[in-house]
2 protein chains.
Amino acid sequence: MADRLTAEELAVALREAIHRLNRRVRQSRPVGDLTFSQLSALTSLQLAGALTPRELADVERVQPPTMTKIVGKLEERGLIERTPHPTDRRQVILAATERGRAVFGQFEKQRNEWLARHLQELTEDERDTLTRAAEILQQVAKA
Amino acid sequence: MADRLTAEELAVALREAIHRLNRRVRQSRPVGDLTFSQLSALTSLQLAGALTPRELADVERVQPPTMTKIVGKLEERGLIERTPHPTDRRQVILAATERGRAVFGQFEKQRNEWLARHLQELTEDERDTLTRAAEILQQVAKA
DNA sequence: TCACAGTTACTTAGCCTAGCTAATGAGCTA
DNA sequence: TAGCTCATTAGCTAGGCTAAGTAACTGTGA
């Protein structure tokens, strides 16, 4: 069973687990797909409805120029669109297009397939633990 | 409290949590530091003692050319060294140098600082949950 | 009130790392 | 000798970053 770890030991264990799992999930990329980061940005955008690039960058925890690139890729594919801000002409409003919303669910599903399949092989107890862990980790990442 | 999620819903939640946390941890990079991937490879190498590039690539779940690059960076810094395989001259044996072992602990500590600090702010109960979660995730990543 | 200095928002340019596949060359093995 | 395996090289894309540039907003002093 799990011994009581120090915060530092836990940090090591968690980071390694996350690092490897992250690589695994990224590897299972279907052809012609959106990347992880693109999908994440698209998700945030749909959850929020509409955001400025700065807001989206903050949510995604990247710098604005990085978000400019990601948004550019999504716009090229016609999945999101830029519209002018109603009052402040420096700003831009980003929102998913019809097509973006349509395409999204399908890719999201593929993307999760590998992980979901493996999670299904766990016990209910283990999945409950991971559910609580996901909440805690979201909280930590937000901090 | 946590509702019972389907494996698919859990996959979404986990993936998002991991994605964001990963970015957070990567951001807290001290100057002149090793990258996440370099540190991870160095760790695996020390745990195993010595490995060939192919073996290390498998452990780290990357393709051999990717590992060639990472190993190159570590070698440049004098943290690992390549020695010829005793019987098979195609192969190479990788191992951490004295300096690699010395430098390792220190960077590892810095690397974990941000995460450890935030984990310390959690309750013991939450940390226990994360400890179990880390074990489960390692298992899933290995599968 | 209005000009201009400072600030903010986004983008561009240029860099590095991390991944990948395809191809190459050296060495092993049947 | 033919064919396989291992490591590397070459060349690509994506995703990060900082620094610098441009356009637009805002507030203050004459």
Side-chain angles (χ1 to χ4, degrees), chain A residues 18-42 44 50-77 79-94 111, chain B residues 19-42 44 50-77 80-94 111:
Chain A
I18 285 174
H19 184 53
R20 279 184 178 68
L21 194 59
N22 215 26
R23 286 214 269 229
R24 277 311 292 264
V25 171
R26 276 172 189 270
Q27 272 174 5
S28 59
R29 176 188 308 181
V31 286
D33 197 356
L34 299 174
T35 67
F36 209 59
S37 296
Q38 288 164 20
L39 194 53
S40 180
L42 187 54
S44 294
L51 292 172
T52 67
R54 157 65 78 180
E55 287 167 338
L56 186 52
D58 286 346
V59 171
E60 291 291 304
R61 299 228 163 258
V62 297
Q63 295 301 310
T66 300
M67 191 44 69
T68 294
K69 276 193 200 174
I70 294 172
V71 162
K73 299 267 165 58
L74 290 173
E75 201 185 20
E76 269 175 31
R77 285 183 164 84
L79 303 180
I80 67 172
E81 57 186 1
R82 293 171 157 102
T83 54
H85 190 283
T87 63
D88 186 340
R89 283 184 299 170
R90 288 171 309 178
Q91 294 189 52
V92 173
I93 305 292
L94 304 172
R111 170 68 58 166
Chain B
H19 184 53
R20 279 183 179 67
L21 195 58
N22 212 28
R23 287 215 268 230
R24 278 312 291 264
V25 170
R26 277 173 189 270
Q27 273 174 4
S28 59
R29 177 188 309 179
V31 286
D33 195 358
L34 299 173
T35 66
F36 209 59
S37 297
Q38 289 164 18
L39 193 55
S40 180
L42 186 54
S44 295
L51 293 172
T52 67
R54 156 66 77 181
E55 288 167 337
L56 186 52
D58 286 347
V59 171
E60 290 291 305
R61 299 226 163 260
V62 297
Q63 294 302 308
T66 300
M67 192 45 69
T68 294
K69 276 193 200 174
I70 293 172
V71 162
K73 299 266 165 59
L74 289 172
E75 200 185 21
E76 268 176 32
R77 287 183 163 84
I80 68 173
E81 57 187 1
R82 293 169 156 103
T83 55
H85 189 283
T87 63
D88 187 340
R89 282 186 301 170
R90 288 170 307 177
Q91 293 187 52
V92 174
I93 306 290
L94 304 173
R111 169 68 57 167

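Here is the naming used below: chain letters follow the sequence lines, and residue numbers restart at 1 for every chain. Below, all heavy atoms of this structure are taken into account, side chains as well, without hydrogens, waters or symmetry copies. Not measured: the values here are computed from a predicted model.
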TODO: Would you indicate, yes or no, if C/dA18 has its OP1 or OP2 atom less than 4.0 angstrom from a side-chain nitrogen or oxygen of B/Thr35?
DONE: yes

Open item on the list: Can you identify which nucleotide, out of C/dT21, D/dC17, C/dT17, has its nearest atom closest to the B/Pro65 side chain?
Closed with: C/dT21

- [ ] Ignoring backbone atoms, test whether A/Arg82 places a side-chain nitrogen or oxygen under 4.0 Å from the OP1 or OP2 oxygen of C/dA9.
- [x] no

Open item on the list: Can you tell me if B/Thr66 touches the phosphate of C/dG19, counting only side-chain N or O atoms and a distance under 4.0 Å to OP1 or OP2?
Closed with: no

Open item on the list: Closest approach to the side chain of B/Thr52, judged atom by atom: which nucleotide of D/dA7, C/dT11, D/dG11 is it?
Closed with: D/dA7

Task: Taking every non-hydrogen atom, the tightest pair across B/Leu94 and B/Thr52 - done: CD1-C, 4.2 Å

Open item on the list: What's A/Ser40 touching, base or sugar-phosphate or nothing? Going by heavy atoms closer than 4.0 Å.
Closed with: nothing

Open item on the list: What is the separation between atom CZ on A/Arg90 and atom C1' on C/dC10, rounded to the nearest whole Å?
Closed with: 10 Å

Task: Distance below 4.0 Å between A/Arg89 side-chain N/O and D/dA23 OP1 or OP2 - done: no

Open item on the list: Let's see if you can work this out: which of C/dT11, D/dA23, C/dG19 has an atom nearest to the side-chain heavy atoms of A/Pro64?
Closed with: C/dT11

Task: Under 4.0 angstrom between A/Arg54 side-chain N/O and C/dC10 OP1 or OP2 - done: no

- [ ] Report yes if a side-chain nitrogen or oxygen of A/Gln38 is closer than 4.0 Å to either non-bridging phosphate oxygen (OP1 or OP2) of D/dG15; otherwise report no.
- [x] yes

Task: Whole-Å gap separating C1' (D/dC6) and CD (B/Gln63) - done: 14 Å

Task: Spacing of A/Leu51 atom CG relative to C/dA9 atom C1', expressed in whole Å - done: 15 Å

- [ ] Identify, between A/Lys69 and A/Asp88, the residue whose nearest nucleotide on DNA chain C lies closer to the 5' end.
- [x] A/Asp88

Open item on the list: If the cut-off is 4.0 Å, is B/Ser37 near the phosphate of C/dT17, judged by side-chain N/O to OP1 or OP2?
Closed with: no

- [ ] Could you pull out the closest heavy-atom pair between B/Arg82 and B/Val92, with the gap in Å?
- [x] CB-CG1, 3.5 Å

- [ ] Provide, to the nearest angstrom, the distance between the CD atom belonging to B/Gln91 and the P atom belonging to C/dG25.
- [x] 21 Å

Task: Minimum side-chain heavy-atom gap B/Arg77-B/Leu34 below 4.5 Å - done: yes

Task: Nearest-Å distance for atom pair CD1/C1', residues A/Ile93 and C/dA9 - done: 12 Å

Task: d(CG, B/Leu56; C1', C/dG19) in whole Å - done: 15 Å

Open item on the list: Expressed as a whole number of angstroms, how long is the span from B/Arg61:CZ to C/dC20:C1'?
Closed with: 16 Å

Task: Between D/dG15 (C1') and A/Lys73 (NZ): distance, integer Å - done: 8 Å

Task: Donor-acceptor pair, side chain of A/Ser44 and main chain of A/Ser40, under 3.5 angstrom - done: yes

TODO: For B/Leu42 and B/Leu74, work out which heavy atoms get closest and say how close.
DONE: N-CD1, 4.3 Å

